[in-house]
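This report refers to the structure that appears directly beneath it.
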There are 4 protein chains.
Amino acid sequence: MDEKDCTNSEHGTDLEHLCSKAAGRPRSESARQAILVAADHLLARDGCGGVTMEAIAVTAGVSKATLYRWWPNKSAVLMEAFVAANGACCAGPDTGDVGADLLRRMRGMTAAFAGAMGVTISGMIAEALADPEAAAVFRAQYLAPRWAEAVDALTRAQKRGQIRAGADLEVAVDALYGAVYFRLLTGHGPLIPEFADALVETLLSGLLEK
Amino acid sequence: MDEKDCTNSEHGTDLEHLCSKAAGRPRSESARQAILVAADHLLARDGCGGVTMEAIAVTAGVSKATLYRWWPNKSAVLMEAFVAANGACCAGPDTGDVGADLLRRMRGMTAAFAGAMGVTISGMIAEALADPEAAAVFRAQYLAPRWAEAVDALTRAQKRGQIRAGADLEVAVDALYGAVYFRLLTGHGPLIPEFADALVETLLSGLLEK
Amino acid sequence: MDEKDCTNSEHGTDLEHLCSKAAGRPRSESARQAILVAADHLLARDGCGGVTMEAIAVTAGVSKATLYRWWPNKSAVLMEAFVAANGACCAGPDTGDVGADLLRRMRGMTAAFAGAMGVTISGMIAEALADPEAAAVFRAQYLAPRWAEAVDALTRAQKRGQIRAGADLEVAVDALYGAVYFRLLTGHGPLIPEFADALVETLLSGLLEK
Amino acid sequence: MDEKDCTNSEHGTDLEHLCSKAAGRPRSESARQAILVAADHLLARDGCGGVTMEAIAVTAGVSKATLYRWWPNKSAVLMEAFVAANGACCAGPDTGDVGADLLRRMRGMTAAFAGAMGVTISGMIAEALADPEAAAVFRAQYLAPRWAEAVDALTRAQKRGQIRAGADLEVAVDALYGAVYFRLLTGHGPLIPEFADALVETLLSGLLEK
DNA sequence: TGATAACCGAGACGGTACGTCCCGTCTTGGG
DNA sequence: CCCAAGACGGGACGTACCGTCTCGGTTATCA
């Protein structure tokens, strides 16, 4: 982190030399990439519990010591591999129709969670539950951007007057996302498009009789 | 399961002798209780990942073979210990005021999840994510009753005309519960009473501008 | 050790039950034998430094945990394997001629040390130098019996009047054995029959001019 | 070795330029000294097996690459550090009384071996047992001079007529030194002055009844 | 007076073995 | 037939050290 801030500093000042120490052989970027790729591959093939540090090392053509030099444990490697592969958060288009946009978003999410991504996400949450640091990474790198993006979309709709002024949009996103995660993690209901439809409809219209 | 069906059979018929093949020493009920108590205690103390079959056996004063004679693996023991300790599902009173009842329910849930119970539930879900059979037990013994109870309460309110006719109450409960589980499992927001309040308000009133 | 004393107790008293507890599955003697055989085999094939606990386990068809359950480390396993294979100390015949007997003994020793046994002994001493417990085993199980036997033989000759009364026979054996070990361990001279001859002659006759 | 032969060449001939290709920075003598000092210090503190190349490097304020640039492996460093610190072989005075001289010599040796030097020597022998090159260095740089010196002393006595003509003095020194090394390496007896006394007496007088 | 070549520190790298831990199975003797 | 005690095979874990490598930077000598 520190040296990244340093090298990325766009204003080359005299202070540069303070952090550009970097004595010794620099970290092998190729090894890092190979590890993340191997971890992601094994994650998809063997599931979260089936991945082994030894297997990652062998697959990546890397020594186990190198793994432990840069990541404290298996959770950390898997989590970084996951966010490296799934970090990008493609904001959907804002068509002006909050209902349609929300529907598209939630349908996409349920469809993804119903497939291979669902298995992977489950694994990452299991990992997060056992390791607070992994949890923090998952939250910051994967969850937060998507969540914020959804809140933003709702906020824009609210400013357009489509959503009532007093609504707590953050809690609303928790309810939308939470429902999907709930079904994913507990398996208590199917992740089908109709579920997304009903969920959006429920959130938008509310339960109370007018 | 099999012999349970047998011993629990309330109708003592002539068929009894078919399953009451209890030649030999019967299962020690005291050992079973000691195991469940020990598992629950260790679960609370060491967290889910920290519990060991060996530790359960020693704490319960029981041999490891006895554990594996009656449960197929660690998840099963922990899950049964959990539902034995937390199985009862006390339905709250139905005061006739949906909003107040729902608020009470969700506040209770968030408060519980914010405490020791939250840690335990997290552990059980982690266990469920790694073991489908444990997941089934968790769902059937813990989750389903509470979920059904909540759906029932909303259904009664709907019949009373407090909730609009077309609302999908099952999805609504998924959203309510899901939001709380979401925060519990991802740690992405605090489990405070205000969260319960906002959640109920959002679900009841909906997001759309009237 | 303790339970050995116990089971070997020839007088079956009431106290027997105190130590014949032996609860639990008894130690597998076949595993123990397989381990010692495997260790001895690997020792001969790969030399002392080349043996691996993992290799011993695999060769013996045994789990690594079983190794560490009964021996604290590699040295201990190797040492026990060594003494199990080379523990027997065949006392040579006492012909009544000290010189001849001594010569036969030292020639046999140098011949053995010049061959494969020399390599093995070197390894065991290296192991003993790094691990005091292994040293104690080597001393008690291998060295002491042979040394004592040699001292005894000299003592008998002394009683027969062939060796002068004041001679310190223990120190003499140290000199005889030490010289051979010295050449073995430092490689500073060859272990040939002539060396044994000269050594015995020197010790018997002494250096001083009469 | 090569460049040592070169720099040590006392006869500065025209050939000098062949090996004095010292284009570039010359070897840092201070680093070399620091390494040997550090190795010797760690050897005394942690014992032979406890010394690490990394530790030597850090202690000497030197990089690991520098170690491996000048020595092929750990044994070589330790051995050179040992002989650098203990290479000098102070020949004792030749008083004309071979018995007294021998006694003084062996008493000094046992006393030294009973102390810190004994631990160090043990370590070097352990190292030598695992590495033939280290063994050669130990033999040539440490052992041989002392051994030769002792043989010389005995030879002088023999020429003076104090020792019988036919005695094999080399074997006698092996017996004297070997006995002390034997006790040091196997720990089978104490290294006390009385041992030196008895040893010398035994060797000088021999065992046979006259 | 540079240029250049070998030095140096720092430290990451592949590799190998270590000793620990836990799982789920088994083998005893005893109730 | 149950139970306690506890040994067993299996397999992943995280650590430690080895000897090699790549950096950026530092000297002496040669051109």
Side-chain angles (χ1 to χ4, degrees), chain A residues 20-28 30-32 49-55 57-58 60-74, chain B residues 21-28 30-31 49 51-55 57-58 60-74, chain C residues 20-28 30-32 49-55 57-58 60-74, chain D residues 20-28 30-31 49-55 57-58 60-74:
Chain A
S20 74
K21 271 294 165 207
R25 180 176 176 176
R27 176 174 182 179
S28 159
S30 69
R32 183 174 174 275
V51 182
T52 294
M53 285 300 244
E54 223 116 3
V58 169
V62 145
S63 101
K64 216 163 41 144
T66 300
L67 284 175
Y68 285 104
R69 205 191 319 279
W70 300 110
W71 293 275
N73 49 44
K74 189 167 62 169
Chain B
K21 276 290 185 192
R25 184 173 172 177
R27 175 174 182 182
S28 157
S30 69
V51 182
T52 295
M53 285 300 245
E54 221 116 4
V58 169
V62 145
S63 102
K64 220 164 36 141
T66 300
L67 284 173
Y68 284 103
R69 207 191 318 276
W70 302 108
W71 292 272
N73 50 45
K74 187 167 68 168
Chain C
S20 73
K21 270 296 163 206
R25 179 175 176 176
R27 176 174 183 181
S28 158
S30 70
R32 183 173 175 275
V51 182
T52 294
M53 284 300 245
E54 223 115 4
V58 169
V62 145
S63 102
K64 215 163 41 143
T66 299
L67 284 175
Y68 284 104
R69 204 191 319 278
W70 300 109
W71 293 275
N73 49 46
K74 189 165 66 168
Chain D
S20 73
K21 276 288 184 192
R25 182 175 178 178
R27 174 173 183 181
S28 156
S30 69
V51 182
T52 296
M53 284 301 244
E54 221 114 7
V58 168
V62 145
S63 100
K64 220 161 41 138
T66 301
L67 284 174
Y68 284 103
R69 207 191 318 276
W70 301 109
W71 292 272
N73 49 44
K74 186 166 68 167

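Everything numeric here is computed off the predicted structure, so don't read it as measured data. Below, chains carry the letters A, B, ... as their sequence lines are ordered, and counting in each starts from 1.
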Listed by chain and number, what are the side chain to side chain contact (heavy atoms under 4.5 Å, CB included) partners of A:Thr66, not counting sequence neighbours? A:Ile35, A:Val62, A:Ser63, A:Arg69, A:Trp70
Whole-Å distance between F:dG9 C1' and C:Glu54 CD? 13 Å
Assign each of A:Thr52 and A:Pro26 the nucleotide of DNA chain F bearing its closest heavy atom; nearer the 5' end lies the nucleotide of A:Thr52
First encountered from the 5' end of DNA chain E, between C:Arg25 and A:Ala31: A:Ala31
Nearest heavy-atom pair of C:Leu67 and C:Met53: which atoms, and what distance? CD1-O, 3.3 Å
When you match C:Arg32 and B:Ser63 each to their closest nucleotide on DNA chain F, which lands nearer the 5' end? B:Ser63
Sequence neighbours excluded, which residues qualify as side-chain hydrogen bond (donor to acceptor under 3.5 Å, both in side chains) partners of C:Ser28? C:Ser30
Over all atoms of both residues, closest heavy-atom pair of D:Gly49 and D:Lys74: O-NZ, 4.4 Å
State which of E:dC18, E:dC7, E:dC23 makes the closest approach to the side chain of B:Lys64. E:dC23
Can you pull out the residues from residues 65-74 of chain C that lie within a 4.0 Å heavy-atom distance of DNA chain F? C:Ala65, C:Thr66, C:Arg69, C:Trp70
Distance, rounded to the nearest Å, where A:Met53 contributes CE and F:dA12 contributes P: 13 Å
